[in-house]
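These notes concern the structure reproduced below.
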2 protein chains.
Amino acid sequence: MTSDLSPPFRPVEVDRTSPVPLYFQVATRLQELIEKGEIGVGARIENEVDLAERLGVSRPTTRRAIQYLVERGMLVRKRGVGTQVVHPKVRRPVELSSLYDDLVAGDRSPRTEVLELRTMPAPDPIAAALEVAPGTEVTWIERLRYAGGEPLALMHNAIPVDVLRLTRDDLAAHGLYELLRRSGLTPRIATQVIGARSATAAEARTLDEKRGASLLTMTRTAWDAGGRALEYGSHVYRASRYSFELNLSAG
Amino acid sequence: MTSDLSPPFRPVEVDRTSPVPLYFQVATRLQELIEKGEIGVGARIENEVDLAERLGVSRPTTRRAIQYLVERGMLVRKRGVGTQVVHPKVRRPVELSSLYDDLVAGDRSPRTEVLELRTMPAPDPIAAALEVAPGTEVTWIERLRYAGGEPLALMHNAIPVDVLRLTRDDLAAHGLYELLRRSGLTPRIATQVIGARSATAAEARTLDEKRGASLLTMTRTAWDAGGRALEYGSHVYRASRYSFELNLSAG
DNA sequence: ATCATCAGTTTGTCATGACAAAGTATTGAC
DNA sequence: GTCAATACTTTGTCATGACAAACTGATGAT
């Protein structure tokens with residue numbers, strides 16, 4: 001029935017002198033083979049035991065490599081059946097990146113205008129969102145983001161001052177998440193709410209839209225691995241120029 | 001410095017006769033302790049080796065349980081330091097559920113009106129989204145979803161006929177994802193695009209909004225674990241009544 | 001007093017071995 | 001021929017043992 005028994009694809013050799021973990025080497029190699037189509041969608045890969053033996057690694061190591069790709073949506077395992085390729089490229093769960101990074105990646109030449117930058121005690125709703133004490137000092141930022149010469153988004157952020165200090169120049173030249181990461185602060189968890197509403201007169205003017213035009217709204221709070229709140233953001237995007245793309249995967 | 005050395009919290013006994021895997025029993029028990037606050041945020045839990053010994057399970061099993069909670073954002077591990085509680089409840093990555101389920105869970109008494117239900121060859125854009133051959137027969141559904149007596153969303157779906165056959169009654173009484181699951185079809189992977197635009201006159205009339213009101217739009221394609229396309233959806237929501245909430249976690 | 005060095009703690013990686021559970025394919029009885 | 005029982009394949013779970021790497025804190029030299 002399943003004629004596509006794994007062809008003897010090229011040996012995946014591992015480098016035991018490398019500091020890269022073996023399971024990761026195996027996973028990366030498999031991912032390459034799949035992305036290049038050398039193992040086609042629907043094809044079954046070799047069973048764990050044989051694969052492990054052929055690579056000269058243990059079965060747990062092989063399992064861990066396969067598991068890694070299963071979690072990324074490339075492979076599917078069924079007990080008693082085998083492991084099958086279901087998608088030729090990684091489906092990332094959801095990116096936790098900033099708009100700026102996305103625009104750079106998409107070659108849309110972003111530019112940032114810093115409209116406001118000051119420190120102030122956090123208003124209650126923002127303190128609540130950040131899960132910090134009311135009145136905690138935060139840096140309040142208002143930015144206008146351009147892409148391809150056109151205004152795209154109006155962004156408001158609050159960052160606790162003891163998390164990061166920011167300058168106008170930094171913000172004009174880099175995305176907020178890049179600045180965070182550069183300071184060793186890695187956002188790991190975030191909650192977002194995405195909605196829509198009509199533009200106010202002032203927003204329409206700033207964003208070069210007609211009054212009452214539809215805007216996408218996004219509010220987000222991001223935490224680092226230690227559970228410390230890094231950033232609260234409340235942004236509006238021109239719906240005519242922007243939308244959110246998400247890849248979901250459910251266990 | 002860290003005075004909060006793990007108190008000798010109650011023994012977590014495992015049941016080896018249970019069909020539930022040991023690692024999952026341990027993970028669940030730890031999760032309970034954390035959710036109930038018996039292990040507070042910031043506290044360090046026992047190290048893997050001791051914990052394993054005390055529970056009478058192996059270290060890999062303990063590691064797997066802890067890893068499970070780390071991936072869910074409750075715990076953080078640092079080599080040479082230990083494992084710390086960073087959040088008292090699970091942060092789910094993103095749910096892959098239907099609007100209907102969400103409304104039921106939120107006690108907002110959903111109701112569904114089936115406006116249209118017929119089979120037809122998939123138009124090219126929809127066939128492309130589903131990654132099936134152009135002209136593949138699909139069931140085309142148009143539904144109006146109410147919540148709390150008010151219209152909330154206008155939903156269009158295409159489901160390949162060889163995936164599932166649907167009746168008006170089924171659709172009126174249940175959410176689409178519930179019907180899929182009941183047939184043994186589990187959505188595992190989806191890509192979504194969320195945007196916004198102004199309502200057309202017809203949409204405004206149907207949704208009881210003013211003409212030009214802002215609407216949230218969401219298009220989605222969902223696949224099962226085997227990579228088979230289950231559903232394409234193109235929905236519009238009243239922005240005044242609905243927004244998307246997401247929890248993200250980045251590796 | 002300050003800084004480098006070293007030992008201790010804790011998680012990270014890997015190997016080997018074993019059995020269980022869930023599918024699939026084959027065999028055999030009727 | 002049909003259906004149930006059986007054998008086989010493959011992944012899932014678990015144990016034990018070992019060493020490496022990262023971080024912490026104490027020690028010692030300057």
For residues 57-69 of chain A, which residue pairs pass the salt bridge (Lys or Arg N to Asp or Glu O under 4.0 Å) check, not counting sequence neighbours?
A/E48-A/R59, A/E48-A/R63

Nucleotide-resolved protein contact map, nucleotides 11-21 of chain C, B/S/- at heavy-atom distance under 4.0 Å
BBBSBB-B--B

For the side-chain contact (heavy atoms from CB on, under 4.5 Å) test, which of B/L179, B/L230, B/V138, B/L166 pairs with B/I159?
B/L166

Every protein N/O within reach of nucleotides 3-5 of chain D N/O, cut-off under 3.5 Å:
none

Side chains of A/D15 and A/Q25: closer than 4.5 Å at any heavy-atom pair?
yes

So, taking the atom named [atom1] in [X] and the one named [atom2] in [Y], what distance separates them when rounded to the nearest 0.5 Å?
| X | Y | atom1 | atom2 | answer |
| --- | --- | --- | --- | --- |
| A/Q31 | A/L75 | CD | CG | 9.5 Å |
| A/I194 | A/R220 | CD1 | CZ | 9.5 Å |
| A/R77 | A/L69 | CZ | CG | 9.5 Å |

Who pairs with B/E137 by salt bridge (charged side-chain N to carboxylate O under 4.0 Å, His left out), at least two apart in sequence or on another chain?
none

Ring pair (Phe, Tyr, Trp, His ring centres under 6.0 Å): pairs with one or both residues in residues 25-60 of chain A, sequence neighbours excluded:
none

Output the rounded distance in Å from CG (A/L75) to C1' (D/dT11).
13 Å

B/L51 has an atom CG; how far is it from atom C1' of C/dT9, in whole Å?
16 Å

Describe, as an angle rounded to 10 degrees, how the axis at the first end of the helix from C/dA1-D/dT30 to C/dC30-D/dG1 is tilted relative to the axis at the last end, five pairs per end.
0°

Aromatic ring centroids of A/F24 and A/Y68 under 6.0 Å?
yes

Crowded around A/E53 CD? As in, over 12 foreign heavy atoms under 6.0 Å?
no

